[in-house]
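Structure first, commentary second.
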Amino acid sequence: MRKGAPESMTAENGSLAASPPPASTSSRAAPLGEGKALGEAWSWGGDLAACPSCDLLHRVPDLAVGEKALCARCGALTAARRPQVFERLLAVALANMVLMGAALWFPFVMMSRSGFGREIRILDAPFALAEGPTAFIALTVMANIALIPFLRSLAVAYVAAPMVFGSAPPARSAEALRLWSFLRPWSMAEIFMLGVAVSAIKLGSMARVSLGPGFWAFAALLPTLAFENMIFHSPSIWREIRLRRRRVEAAARLARRRGRGRPAQKGSA
Amino acid sequence: MTTAREAGLIACLSCGALEPMASDGGLCSRCGGRLRSRRPYSLQRSAAWLALGLMAYVPANLWPIMRTTTLGRGEDNTILGGVWVLAHHGSWDLAAVVFLASVAVPMAKFCVVGLLLWGLAFGRGFEPHKRHRLHEIVEYIGRWSMLDVFVVAILAALVQVGPLASITPGPAAGAFGLSVAFTMLSAQALDPRLLWDAGKDHA
């Protein structure tokens with residue numbers, strides 16, 4: 001990965017000092033020659049993009065696979081070209097959903113003290129809040145620790161799966177991608193885990209606490225959730241989708257042209 | 001250094017498309033997301049959420065966050081009371097974690113967001129890079145305050161050992177959860193691009 005922010009975005013591409021940028025970036029204006037069409041279809045960057053966090057305009061460099069571009073001013077991630085991003089997103093989203101299912105299904109934590117024992121699953125925690133003055137927060141807690149992480153992975157899988165198998169992005173994928181970003185701060189699995197640790201230590205002096213398979217599934221879920229967060233970058237996903245579309249179109253154009261070309265040659269021969 | 005706004009463009013935050021300034025408030029032609037050059041009433045909204053967060057934070061500290069019943073004898077604990085009990089029993093590390101998550105972080109958040117808003121509204125305060133850093137930290141760290149609510153939920157679910165001991169959540173858990181949610185919304189409502197506009201108009 002290219003680390004230093006300035007050289008990746010500023011060096012020769014410049015953060016657009018003086019030259020006024022075109023009003024629109026979708027420069028599909030002039031009819032393109034065959035070679036140029038293919039060339040454009042293969043370049044990853046070249047257009048303008050604004051930093052999502054400070055609004056500075058950049059020309060996105062033609063990143064190599066694995067490189068990322070950071071804002072020259074505030075350092076926020078502006079573009080990232082991840083290797084096999086759809087394959088990885090699909091894999092990690094499926095893993096998340098399976099692990100979340102296991103974490104919810106299997107016993108989570110057991111506690112025993114002088115003959116009395118108790119075993120809970122994850123969702124027993126929000127249910128414990130559901131009575132009395134904390135009822136309104138129970139659903140939020142349930143969403144934070146289980147529903148939202150699951151839903152976000154589902155959204156990722158929904159968009160990534162067709163891309164992996166070479167089809168067009170599915171209908172409503174824009175909504176799915178937006179939902180993913182919108183829910184990002186409200187997914188709190190890792191905080192819940194810290195809560196489990198604090199509770200276990202708190203109880204440790206008074207009772208025997210043991211961990212069930214649900215706990216281990218949830219523990220395994222944390223790094224995969226973090227990986228999903230790490231490789232997902234909404235504008236870059238969009239860029240990959242557009243790139244895919246452009247390549248398919250360019251290939252189709254090429255095929256059409258050859259298709260027109262050949263019979264003509266045969267006819268003249 | 002030209003921003004999209006200065007170039008007469010709006011960046012779609014979802015797909016990255018650049019659209020002309022005239023489409024402010026409309027939908028992105030590529031992905032259908034809402035286009036906002038700067039979030040409208042960003043400072044006002046952020047301040048309003050912050051005020052709500054403060055309001056919820058008061059009962060969260062005054063009311064009991066959980067009730068421990070041991071052999072028929074009930075005992076109420078507030079957040080600070082719980083921290084004190086932990087420290088008293090010698091688990092300093094645990095007391096520190098709980099104190100950090102439920103007292104230090106929310107307090108720091110109220111102060112930092114308040115300072116940022118003050119600086120933006122009255123054109124003084126930190127230099128943009130520092131502002132940006134503070135906002136990033138607040139957005140990242142604010143969620144961790146939810147810790148206390150989760151601990152109460154787990155303890156209340158787990159400690160139901162017949163007549164020996166039981167824990168029930170108190171009203172402060174709800175108030176505290178609300179306070180965390182409100183302050184998270186406050187940090188989100190603050191458009192980070194405004195932090196860099198400083199001095200220029202920020203409608």
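Only this structure's heavy atoms are used, side chains among them; waters, hydrogens and symmetry mates stay out.
For residues 138-151 of chain A, heavy-atom neighbours of chain B at less than 4.5 Å comprise A:V141, A:N144, A:I145, sorted by residue number.
Only the side chain of B:Q188 comes within contact range of chain A, judged by heavy atoms closer than 4.5 Å. Contact of B:L86 with chain A is made through the side chain alone, with heavy-atom distances under 4.5 Å. Contact annotation for B:L94: only side-chain heavy atoms (C-beta onward) come within less than 4.5 Å of a heavy atom of chain A. Of the two parts of B:S14, the backbone and the side chain both hold a non-hydrogen atom closer than 4.5 Å to a non-hydrogen atom of chain A. Of the two parts of B:A101, neither the backbone nor the side chain holds a non-hydrogen atom closer than 4.5 Å to a non-hydrogen atom of chain A.
Rounding to the nearest 0.5 Å gives a distance of 12.0 Å between SG of A:C54 and CG of B:L194. To the nearest 0.5 Å, atoms CE (A:M111) and CG (B:L155) are separated by 9.5 Å. Atom CE of B:M146 is separated from atom CZ of A:F192 by 11.5 Å, given to the nearest 0.5 angstrom.
The residues B:R143 and A:E190 are annotated as salt-bridged, a charged nitrogen and a carboxylate oxygen being separated by less than 4.0 angstrom.
A distance-only check finds no donor-acceptor pair linking the side chain of A:R239 to the backbone of B:C15 [under 3.5 Å]. For A:D124 (side chain) and B:L158 (main-chain N/O), no donor-acceptor pair under 3.5 Å exists by modelled atom type.
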Next item on the list: For the pair B:R193 and A:S53, evaluate side-chain contact (heavy atoms from CB on, under 4.5 Å) and give the outcome as yes or no after the intermediate values.
Entry: CA-CA 6 Å; B:R193 294 170 294 192; A:S53 135; over 6 Å; no
Next item on the list: Before giving the answer on side-chain contact (heavy atoms from CB on, under 4.5 Å), spell out for A:R73 and B:T3 the whole-Å C-alpha distance, their side-chain angles and the decisive distance to 0.1 Å.
Entry: CA-CA 11 Å; A:R73 181 163 68 172; B:T3 62; 3.8 Å; yes
Margin query: Would A:M188 and B:F150 count as a side-chain contact (heavy atoms from CB on, under 4.5 Å) here? Give the steps.
Written below: CA-CA 10 Å; A:M188 300 186 177; B:F150 293 156; 4.0 Å; yes
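Per-residue counts of heavy-atom pairs under 4.5 Å with chain B were compared for A:S173, A:A174, A:S199; the largest is that of A:S199.
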